[in-house]
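A note on names: the letters A, B, ... follow the listed sequences, proteins ahead of strands, and every chain is numbered from 1.
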2 protein chains.
Amino acid sequence: MQNSEAMGLSAALLAVAAELTQRIHDGVVARGFEGLRPAHGFAFARLSAGGATVTELAAHLGVTKQAASQLVDEIVRKGYAERRPHPGDARARLIVLTEQGRACTRAAEEAAAEAVRPWAELLGEPGIRSLQRQLGQIAPAGPVKPAW
Amino acid sequence: MQNSEAMGLSAALLAVAAELTQRIHDGVVARGFEGLRPAHGFAFARLSAGGATVTELAAHLGVTKQAASQLVDEIVRKGYAERRPHPGDARARLIVLTEQGRACTRAAEEAAAEAVRPWAELLGEPGIRSLQRQLGQIAPAGPVKPAW
DNA sequence: GGCAGATGGTCAAGTGGGTTGACTACTTAC
DNA sequence: GTAAGTAGTCAACCCACTTGACCATCTGCC
C-alpha cells in the first residue's frame, strides 16, 4: 500500500469518526441531555460497566486523575452520577451512574444507532457487518484517549 | 441493527481513530518534526492543495478565523508555511507550505502508512481495500472538525 | 465615480478544560 | 508499627479556543 493511499484511508477514517462523534453528541442533546461533551460519553461508557474509581476513569480516558475528578464533579453536579464509598477501600470512592445517567447512556446508544443507519443504506447490512468485524479486529484495547 | 451493536461499532471506530491519530502524531515526531499538534495536520492537508486563506482554513477546520489565524501564526513561526499576498484580493493572504512544510506532510504520509501496516497484516490486502472503499463511501464531505 | 454593506484579517480580553505540584487520608509491605 | 505507596482533592498555572471590536479592502448599486 502506497503512502498516499494510507493517507486517504486515514483521512476517511478520521472524517467518519469526527462526524460520528458530532452526530452522537447532537442526538444526545436532541433527546434533552444538555451540558455534556463527547468526553463525558467515554466516561459514561466506562461507568455503565459497574462503576469505577476516579483513578480508573483517568486511566481509561488517558488524562490525569485531577482532570477525571473534575469531570466527575461535573456529572455529579448535573445529576448523572454519584460518589459512593468504595467497598473494601476507604480511600477510594466508587462513581456510579444514577438513573438519569443510565437514561443518558441509552440516549447515546439510540443516537449512535441513528447515526449509523445511513451507513447501512449505503453499504447494505452485510457491508456494515464486515465493517464492524474489521474495525473490531484492529481496535486497540488501551485507553480511549479522545485527544487530537 | 440494534442500538447496542451500533454502540459497539461506534466505539471500535472511535478507538481506531484515536489510536491512528496518536500513531501518526508519534511518527511525525519520530521523524524530527516537533511542536506540532494533530490539528496542524488537518491544516497541512488543506494547504498542500495549492494553499488557502485563513478564512478557508477556518471553515475547513471548523473553528473561528481567529483560531485559524493563530494556528497559521504558529506554523509560520516554526517555518512550515508562509503568508503571501493573495493574487486578486488585497485583503486576503494566501497561506502556502514551505519546503519544510511539504517535508512534514510527507513524513505524516509515511507515518500513516506505518500506522496502517499492522492492519494489513490482520485483515489482508483485500480487507484493507474493502475497508478503504467502505469508509470512502460513508465519509462526509464537510469540514474536518477535530473536536470531541 | 462613489457610497453602503459585506468580507478578510488581526488585536484584545475572557473562558474552560487540561496540566503540574503539594497535600491529606488510607492501605499495604516489611 | 512504621515506612512506602496509592486514592483523591485543592490550588495555581497554561494554552487553545471563543467572543467582541476594529481596520482594510472588495462588491453591488445609484
A.B. asks: Identify the residue among B/Ile95, B/Val54, B/Val63 that makes a side-chain contact (heavy atoms from CB on, under 4.5 Å) with B/Ser69.
C.D. replies: B/Val54

A.B. asks: Can you tell me if B/Gln134 and A/Ser130 form a side-chain donor-acceptor pair at under 3.5 Å?
C.D. replies: yes

A.B. asks: Would you name the heavy atoms of A/Ala113 and B/Ala6 that are closest together and state the gap between them?
C.D. replies: CA-CB, 3.4 Å

A.B. asks: Is there side-chain contact between B/Glu74 and B/His40, with heavy atoms separated by less than 4.5 Å?
C.D. replies: yes

A.B. asks: Base, sugar-phosphate or nothing for B/Ala92? Non-hydrogen atoms, less than 4.0 Å.
C.D. replies: sugar-phosphate

A.B. asks: It should be established whether B/Thr55 places a side-chain nitrogen or oxygen under 4.0 Å from OP1 or OP2 of nucleotide C/dT7.
C.D. replies: no

A.B. asks: Under the 3.5 angstrom rule, does the side chain of B/Glu19 hit a backbone N or O of B/Val16 as a donor-acceptor pair?
C.D. replies: no

A.B. asks: With respect to the phosphate group of C/dT10, does any side-chain polar atom (N or O) of B/Arg83 fall under 4.0 Å of OP1 or OP2?
C.D. replies: yes

A.B. asks: Nearest of C/dT10, D/dA7, C/dG18 to any side-chain atom of B/Ser69?
C.D. replies: C/dT10

A.B. asks: Is A/Tyr80 close to A/Leu47 at the side-chain level, that is, under 4.5 Å between some pair of heavy atoms?
C.D. replies: no

A.B. asks: It should be established whether A/Arg37 places a side-chain nitrogen or oxygen under 4.0 Å from OP1 or OP2 of nucleotide C/dG17.
C.D. replies: yes

A.B. asks: Taking only the side-chain nitrogens and oxygens of A/Thr64, find out if one of them lies under 4.0 Å from OP1 or OP2 of C/dT19.
C.D. replies: yes

A.B. asks: All N/O contacts under 3.5 Å from nucleotides 22-25 of chain D to the protein, with atom names and distances to one decimal?
C.D. replies:
residue: D/dT25; atom: O2; partner: B/Arg91; partner atom: NH1; Å: 3.4

A.B. asks: Regarding A/Arg102 and A/Glu99, does a basic nitrogen lie under 4.0 Å from an acidic carboxylate oxygen?
C.D. replies: yes

A.B. asks: Before giving the answer on salt bridge (charged side-chain N to carboxylate O under 4.0 Å, His left out), spell out for B/Glu82 and B/Arg93 the whole-Å C-alpha distance, their side-chain angles and the decisive distance to 0.1 Å.
C.D. replies: CA-CA 9 Å; B/Glu82 60 183 15; B/Arg93 318 253 200 116; over 6 Å; no

A.B. asks: What's touching nucleotides 11-14 of chain C from the protein side, N or O pairs under 3.5 Å?
C.D. replies:
none

